[in-house]
Amino acid sequence: MQYGFIKVAAAVPSVRVADCEYNLQQIENIIAMAEGRGVEVAVFPELCVTGYTCQDLFRQSLLLERAEESLLKLLDFTRNLDIISIVGLPVAVGDVLLNCAAVVQRGSLLGLVPKTYLPNYSEFYEKRWFASAHDIRPTEVHYAGGSVMVTPQPTLFRTCDGVLFGVEICEDVWAPVPPSSNLALAGADVVFNLSASDELIGKHAYLTDLLSQQSARTIAGYVYSGCGFGESSQDMVYAGNALIYENGRKLAEGRRFSLEPQFVEAQIDVERLRAERRSNSTYVNARHGHEARLVDAEVTTGARDFELERDVDPHPFIPKTADMAASCEEILSIQAAGLAKRLVHTGCKTVVIGVSGGLDSTLALLVCVRAFDLLQLPRKGVVGVTMPGFGTTGRTHRNATALMESLGVSVREVNIGAAVEQHFRDIGHDMAVHDVTYENSQARERTQILMDIANQAGGIVVGTGDLSELALGWATYNGDHMSMYGVNAGVPKTLIRHLVKHAATTVDEDSRLTLLDIIDTPVSPELIPADDDGNISQKTEELVGPYELHDFFMYYLLRFGFRPAKIFMLARKAFSGGRDGAASYDDDTIKHWLRTFIRRFFAQQFKRSCLPDGPKVGSVSLSPRGDWRMPSDASAAMWLAECDRL
């Protein structure tokens with residue numbers, strides 16, 4: 001396991017029913033191939049050594065002996081292989097026959113796991129041949145040249161890198177309380193399922209939903225291997241399902257109904273799963289009383305060079321659902337409902353919002369309008385204030401005014417130039433010096449205007465700052481940093497553009513055209529005078545860095561607590577070649593802005609410690625009242641030192 005990833009595989013070999021020698025050869029071929037590909041654990045189908053559909057042949061001693069001999073040969077074959085292989089076979093334990101999974105590595109039989117729930121309906125009559133794990137007592141079994149404990153208790157296996165995994169067999173996962181639930185609560189990071197499930201109309205969709213939900217419910221990796229073409233006999237057809245999930249997300253899937261063997265592999269992020277579990281108090285509480293027997297795997301010969309093989313989404317905050325419009329509607333509804341509740345609670349029928357003609361204030365204005373429509377209040381209660389200053393361009397001013405007029409809200413304009421100039425004279429600041437005082441004085445003047453107009457109108461000020469700006473501290477303390485309710489506080493910058501673009505499809509034509517032009521306007525606080533052509537001269541991303549990088553860093557730092565080295569590795573993969581609409585960045589650029597993000601994130605916590613209320617929209621939030629509690633004086637030294645070593 002490197003960077004927290006373990007490489008797993010689900011294999012579906014060619015099978016001849018009751019031909020152990022042939023089946024063993026097919027299994028060995030895949031194991032050898034998987035070892036060469038760096039797979040750490042591979043799972044094969046249920047009873048794959050003999051074939052699942054042997055029926056009453058399972059009562060033949062010759063078949064059982066050949067199965068044991070095949071496992072002995074498999075142990076010899078794996079003697080110098082690091083890969084852990086999980087194969088299915090029948091095992092006689094005293095006076096009962098068990099449907100077992102054998103866990104094998106480097107010539108050792110690490111364990112035998114018996115099936116717990118045996119189907120005895122329709123075309124499945126396993127109770128005719130097999131006993132359940134519930135029917136046995138812990139027993140030491142001499143099998144395949146060694147001794148191993150067979151027990152009804154949950155058994156966990158630990159790889160040399162510390163990854164814990166468990167095994168269940170087919171019907172087990174269909175039970176009301178699957179063994180995998182107990183295994184996960186006892187600590188299993190990954191569960192492997194050896195299966196033999198026939199195909200029926202609609203069954204595959206149900207199966208994939210079941211596995212997705214089980215991996216999500218247990219916050220685990222789930223690797224499933226089901227019997228394939230060679231088992232299709234008499235009344236049943238097997239499609240060869242090979243599936244790999246991680247916390248509800250499908251990572252890999254084989255080709256069903258293939259006449260050829262199937263092999264799918266994926267890297268499961270165990271570190272991510274453990275981070276999810278630690279932050280989920282329900283999961284932590286559910287673990288009480290769940291224990292398992294632990295078996296350690298063999299030590300491997302050495303670490304391989306690591307290469308990330310799975311895709312990494314460069315824009316983790318952008319919804320990936322089939323219906324983007326529905327996702328955007330849901331987000332806008334969350335924002336509007338939060339503001340509506342605040343208005344009902346306070347009895348206010350007026351909100352005041354600064355409208356700059358930029359994306360953030362545009363989204364906040366759209367949310368205000370939606371909230372008023374939801375409450376059936378006249379839109380004139382939304383007071384939009386445009387406050388042109390030294391850096392305001394004609395384009396943003398026109399868009400701000402045009403949007404307010406087309407949406408039917410109240411429009412006010414207060415030019416801040418004279419007031420700020422007077423303020424500069426009062427504090428003795430040279431207007432020719434465009435420093436932080438020059439910029440922040442304008443931001444605080446605008447906030448004072450909004451607060452005072454809200455007093456006049458008997459309303460509240462709605463904030464416009466977004467989640468990305470809060471992470472970077474890109475806000476003027478007690479300036480745009482402050483409001484009575486911040487509707488964008490849970491929305492990252494990369495998502496805002498999508499929300500505004502969606503909103504453009506729901507408004508009148510004049511508003512739509514204005515929104516589209518706002519989307520195309522560079523992101524800027526407009527606190528520095530425009531250039532000689534009247535264009536924006538102060539572009540935020542040239543100063544603080546690309547927001548798509550910062551949102552990526554923020555997601556993995558806050559959502560999973562990943563260290564800089566892993567975030568850098570993921571970013572290299574995500575932003576290589578400009579995939580999925582993202583820009584392409586070289587290593588030095590990613591390192592530079594990652595260091596900038598971490599430095600600013602730590603240094604600017606004091607601004608987040610006193611944020612106004614605002615609705616949580618996604619899985620990442622910086623509210624000091626719940627989601628992110630951090631000392632304002634915490635040192636970034638360790639994180640920055642790791643950045644410097646990249």
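Residues: numbered from 1 along the sequence shown. None of the values given here were measured: they were computed from a predicted structure.
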inquiry  = Given 3.5 Å as the limit, does a donor-acceptor pair link the side chain of T596 with the main chain of H592, or not?
reply    = yes
inquiry  = Less than 4.5 Å apart, side chain to side chain, heavy atoms only: is that true for L467 and L622?
reply    = yes
request  = Run through F568, F597, F602 and flag the one making a ring pair (Phe, Tyr, Trp, His ring centres under 6.0 Å) with W639.
outcome  = F602
ask   = Would you say the side chain of I518 lies within less than 4.5 Å of the side chain of L403, judging by non-hydrogen atoms?
value = yes
ask   = Distance from S576 atom OG to D587 atom CG, nearest 0.5 Å?
value = 10.0 Å
Close aromatic pair by centroid cut-off 6.0 Å: Y3 and F5 = no
query = Considering all heavy atoms of both residues, which atom of V414 and which atom of V385 are nearest to each other, and what is their separation?
reply = CG2-CG1, 4.4 Å
query = Can a salt bridge be assigned to the pair R395 and D517 using a cut-off of 4.0 Å between side-chain N and carboxylate O?
reply = yes
ask   = Does any N or O in the side chain of T464 come within less than 3.5 Å of the main-chain N or O of S361, such that one atom is a donor and the other an acceptor?
value = no
request  = Could you tell me whether the side chain of S410 reaches within less than 4.5 Å of the side chain of V382, counting heavy atoms only?
outcome  = no
Test item: F606 and M630 side chains (from C-beta on) under 4.5 Å apart, heavy atoms = no
message = Rounded to the nearest 0.5 Å, what separates atom CZ in R255 from atom CD in E253?
response = 12.0 Å
N415 to P388 - nearest heavy-atom pair and separation = OD1-O, 3.5 Å
task = Show the numbers, then the answer: is there a side-chain hydrogen bond (donor to acceptor under 3.5 Å, both in side chains) between D209 and Q213?
result = CA-CA 6 Å; D209 286 346; Q213 285 296 313; over 6 Å; no
key: K349 atom NZ, over 12 foreign heavy atoms within 6.0 Å   = no
ask   = Taking it one step at a time, do L365 and M404 satisfy side chain to side chain contact (heavy atoms under 4.5 Å, CB included)?
value = CA-CA 8 Å; L365 176 61; M404 290 188 286; 4.0 Å; yes
query = If you draw a 6.0 Å radius around CD in E307, do more than 12 non-hydrogen atoms from other residues or ligands fall strictly inside?
reply = no
inquiry  = If we ignore hydrogens and angles and just use 3.5 Å, is the side chain of N280 paired with the main-chain N or O of Y283 as donor and acceptor?
reply    = yes
query = Is it true that K566 and D269 make a salt bridge, defined as a side-chain N closer than 4.0 Å to a carboxylate O?
reply = yes
key: Check: T447 side chain, A443 main-chain N or O, donor-acceptor pair, under 3.5 Å   = yes
task = Using a 4.5 Å cut-off on heavy atoms from C-beta on, say whether the side chain of M482 contacts that of M451.
result = yes
inquiry  = Which heavy atom of L549 sits nearest to which heavy atom of W593, and what is that distance?
reply    = CD1-CD1, 4.0 Å
inquiry  = For a quick check under 3.5 Å, do S511 and D508 share a side-chain donor-acceptor pair by atom type?
reply    = yes
request  = Would you sort out whether R497 and L359 count as a side chain to side chain contact (heavy atoms under 4.5 Å, CB included), showing the intermediate values?
outcome  = CA-CA 7 Å; R497 194 177 302 273; L359 278 171; 3.6 Å; yes
key: side chain to side chain contact (heavy atoms under 4.5 Å, CB included) between L366 and L407, intermediate numbers included   = CA-CA 9 Å; L366 292 167; L407 290 176; 4.1 Å; yes
inquiry  = Could you tell me if H434 and E439 have a donor-acceptor pair between their side chains, going purely by distance under 3.5 Å?
reply    = no
key: D313 with K320: basic N within carboxylate O range, under 4.0 Å   = yes
key: Pairing of E642 and R595 as salt bridge, 4.0 angstrom limit   = no
ask   = Should E271 and R274 count as an ion pair when the cut-off is N to O under 4.0 Å?
value = no
task = May I ask you to decide if F560's main-chain N or O and R272's side chain share a donor-acceptor pair within less than 3.5 Å?
result = no
ask   = Between R370 and T506, does a side chain to side chain contact (heavy atoms under 4.5 Å, CB included) hold up when you go through it step by step?
value = CA-CA 11 Å; R370 281 177 172 249; T506 67; 4.0 Å; yes
task = Spell out, as yes or no, whether a donor-acceptor pair under 3.5 Å connects the side chain of D466 to the backbone of P492.
result = no
query = Taking side chain as C-beta onward, heavy atoms only, is L339 less than 4.5 Å from Q335?
reply = no
inquiry  = I need the R310 CZ to L570 CG distance, nearest 0.5 Å.
reply    = 8.5 Å
query = Where the side chain of S215 meets the backbone of G248, is there a donor-acceptor pair that is under 3.5 Å apart?
reply = yes
request  = Would you check, one step at a time, whether the test ring pair (Phe, Tyr, Trp, His ring centres under 6.0 Å) holds for F552 with F317?
outcome  = CA-CA 8 Å; F552 186 90; F317 287 111; 9.7 Å; no
query = Are T589 and F575 close enough that some pair of their side-chain heavy atoms sits under 4.5 Å apart?
reply = no
Non-hydrogen atoms of V352 and A454 that approach each other most closely = CG2-CA, 3.7 Å
inquiry  = Return the CD to OG1 distance between E469 and T476, rounded to the nearest 0.5 Å.
reply    = 10.0 Å
key: Under 3.5 Å donor-acceptor, T514 side chain and D510 backbone   = yes
key: Ring-face cation contact, F601 with R608, 6.0 Å cut, 45° max   = yes
request  = Give the ring-plane orientation class for F424 versus H429, where under 30° counts as parallel, over 60° as perpendicular and anything between as tilted.
outcome  = tilted
Heavy-atom closest pair, residues F372 and P378 = CD2-O, 3.3 Å
query = Backbone N or O of Y438 within a donor-acceptor pair of the S441 side chain at under 3.5 Å?
reply = no
query = Could you state the interatomic distance from CG (L343) to CG (L374), rounded to the nearest 0.5 Å?
reply = 10.0 Å
task = Taking atom CZ of R572 as the centre, report whether more than 12 heavy atoms of other residues, nucleotides or ligands fall under 6.0 Å from it.
result = no
ask   = Okay, side chain of R446, backbone of D480: is any donor-acceptor separation there less than 3.5 Å?
value = no
query = What is the minimum heavy-atom distance between I598 and P564, and which atoms define it?
reply = CD1-CG, 3.7 Å
inquiry  = What verdict does the side-chain hydrogen bond (donor to acceptor under 3.5 Å, both in side chains) test give for H423 and E445, after you've listed the backbone C-alpha separation in whole Å, the side-chain angles of each residue and the deciding distance to 0.1 Å?
reply    = CA-CA 9 Å; H423 180 64; E445 177 64 25; over 6 Å; no
query = Under 3.5 Å, is there a donor-acceptor pair between the T218 and Q214 side chains?
reply = no
query = More than 12 foreign heavy atoms under 6.0 Å from CD of E330: is that the case here?
reply = no
inquiry  = Looking only at side-chain N and O atoms, does H315 offer a donor or acceptor that is under 3.5 Å from a partner on E548?
reply    = yes
message = Set out, in order, the CA-CA distance, both residues' side-chain angles and the distance that settles side-chain hydrogen bond (donor to acceptor under 3.5 Å, both in side chains) for D360 and N488, then state yes or no.
response = CA-CA 7 Å; D360 288 357; N488 292 343; 5.0 Å; no
inquiry  = Check this for me: does any side-chain nitrogen of one of R625 and D613 sit under 4.0 Å from a carboxylate oxygen of the other?
reply    = yes
task = Evaluate the side-chain proximity of L273 to N247: yes if any heavy-atom separation is below 4.5 Å, no if none is.
result = yes
message = Rounded to the nearest 0.5 Å, what separates atom NE2 in H397 from atom OG in S356?
response = 11.0 Å
